[in-house]
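Keep in mind that this is a model prediction, so the values were computed, not measured.
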Amino acid sequence: MITILGVHYVDAPEPCYLVEVQLDPPETDYNWDEVTQELPGEPQDNWQVPLDERPLDNTGTRWAFFFHYLDFNKPLLTPNGQIALPALSPMPEHLSNIEYEGP
C-alpha cells in the first residue's frame with residue numbers, strides 16, 4: 001500500500017512537485033515506473049512518472065520523488081490502485097535539503 005504524505009511545490013523551469021509517500025509494507029524495489037497519471041489523448045508511454053525517487057529512511061518505508069505537470073484533479077495511478085492527491089502543502093523542513101535536478 002502506498003500513502004501520499006504530502007505534495008510540495010518545487011521551483012523548477014517547468015511545473016514540478018516533490019511528493020512524499022509511505023510504503024506499507026516497506027519496499028526497496030518498488031516499481032516507480034508504474035506510478036503515473038493519465039494524460040487523455042496521449043499514449044501511456046508519454047505519461048509522467050516519478051523522477052529521482054529516493055528513500056527517506058533506511059527501512060524503505062518513506063520515499064520522496066519529483067513529479068512534473070501533476071494534475072491535482074486526477075489520482076495517481078500506482079501498482080496498488082488509484083490514490084487521490086492531497087492539497088498542496090508547504091515544504092516541510094525534513095525535505096528542504098532535497099534539490100531538484102532536471103531530467
Side-chain angles (χ1 to χ4, degrees):
M1 180 171 173
I2 183 170
T3 303
I4 300 174
L5 302 176
V7 179
H8 319 288
Y9 176 77
V10 174
D11 187 19
E14 51 194 26
C16 188
Y17 302 88
L18 184 62
V19 181
E20 183 180 12
V21 300
Q22 181 173 321
L23 298 178
D24 185 25
E27 278 192 59
T28 54
D29 294 328
Y30 194 79
N31 193 349
W32 295 106
D33 288 339
E34 291 184 22
V35 176
T36 189
Q37 196 172 52
E38 183 181 4
L39 260 169
E42 291 289 330
Q44 192 168 352
D45 289 348
N46 290 346
W47 297 0
Q48 295 292 322
V49 294
L51 171 69
D52 196 18
E53 58 278 354
R54 61 183 75 193
L56 299 175
D57 59 25
N58 293 330
T59 65
T61 300
R62 290 181 45 241
W63 290 75
F65 57 83
F66 294 99
F67 202 98
H68 290 101
Y69 298 100
L70 198 57
D71 184 342
F72 285 85
N73 296 313
K74 295 181 184 173
L76 277 185
L77 307 176
T78 77
N80 307 97
Q82 296 184 5
I83 301 174
L85 292 167
L88 192 61
S89 58
M91 184 74 69
E93 183 64 32
H94 69 275
L95 298 179
S96 64
N97 63 334
I98 299 177
E99 293 186 26
Y100 172 81
E101 293 182 23

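Heavy-atom contacts from other residues, nucleotides or ligands closer than 6.0 Å to CG of D29 number 12 or fewer. Few gaps surround CD on E42; more than 12 heavy atoms of other groups in view lie less than 6.0 Å from it. Within a 6.0 Å sphere centred on CD of E101, heavy atoms belonging to other residues, nucleotides or ligands number 12 at most. Other residues, nucleotides and ligands place no more than 12 heavy atoms under 6.0 Å from the CG atom of N58.
Note that CG of N31 is 9.5 Å distant from CD of E53, once rounded to the nearest 0.5 Å. Interatomic distance, OG1 of T3 versus CE of M1, reported as 4.0 Å (0.5 Å rounding). L39 CG to Y69 OH: the interatomic distance, rounded to the nearest 0.5 Å, is 10.5 Å. Interatomic distance, OH of Y17 versus OH of Y9, reported as 7.0 Å (0.5 Å rounding).
A donor-acceptor distance shorter than 3.5 angstrom exists from the side chain of T36 to the backbone of Q48, with no hydrogens or angles considered. Looking only at distances, no side-chain donor or acceptor of H68 sits under 3.5 Å from a matching main-chain atom of C16.
Under the salt bridge (Lys or Arg N to Asp or Glu O under 4.0 Å) criterion, E20 pairs with R62, not counting sequence neighbours.
Taking all atoms of both residues into account, the shortest heavy-atom contact from P26 to T59 is CB-O, 3.1 Å. The heavy-atom pair separating S89 from G6 by the smallest distance is OG-CA, 4.4 Å.
Hydrophobic clustering (side-chain heavy atoms under 4.5 Å, transitive across Ile, Leu, Val, Met, Phe, Trp, Tyr) keeps L18 apart from W63. In the hydrophobic cluster analysis, where Ile, Leu, Val, Met, Phe, Trp and Tyr join through side-chain heavy atoms closer than 4.5 angstrom, I98 is grouped apart from V19. Under a hydrophobic clustering in which Ile, Leu, Val, Met, Phe, Trp and Tyr are joined whenever their side-chain heavy atoms come within less than 4.5 Å, directly or via other members, L85 and F66 fall into different clusters. Hydrophobic clustering places L23 together with I83 (ILVMFWY residues linked when any side-chain heavy atoms are closer than 4.5 Å, directly or through intermediates).
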Enumerate, atom names and distances included, each donor-acceptor pair closer than 3.5 Å involving a side-chain atom of residues 71-79, sequence neighbours excluded.
unit_1	atom_1	unit_2	atom_2	d
D71	OD1	N73	N	2.9
K74	NZ	E38	O	3.4
T78	OG1	N80	N	3.0
T78	OG1	G81	N	3.2
T78	OG1	G81	O	2.7

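Ring pair F65/W32: centre-to-centre distance below 6.0 Å.
In this structure the side chain of F67 reaches within 4.5 angstrom of the side chain of Q37, judged on heavy atoms. When side chains are defined from C-beta on, V7 counts as touching P86, because their heavy atoms get closer than 4.5 Å. Side-chain contact between V21 and I4: present, with at least one pair of heavy atoms (C-beta onward) separated by less than 4.5 Å. Using a 4.5 Å heavy-atom threshold, the side chains of Y100 and L51 count as touching.
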L56/L95 under side-chain contact (heavy atoms from CB on, under 4.5 Å): CA gap, chis, key distance, verdict: CA-CA 9 Å; L56 299 175; L95 298 179; 3.7 Å; yes

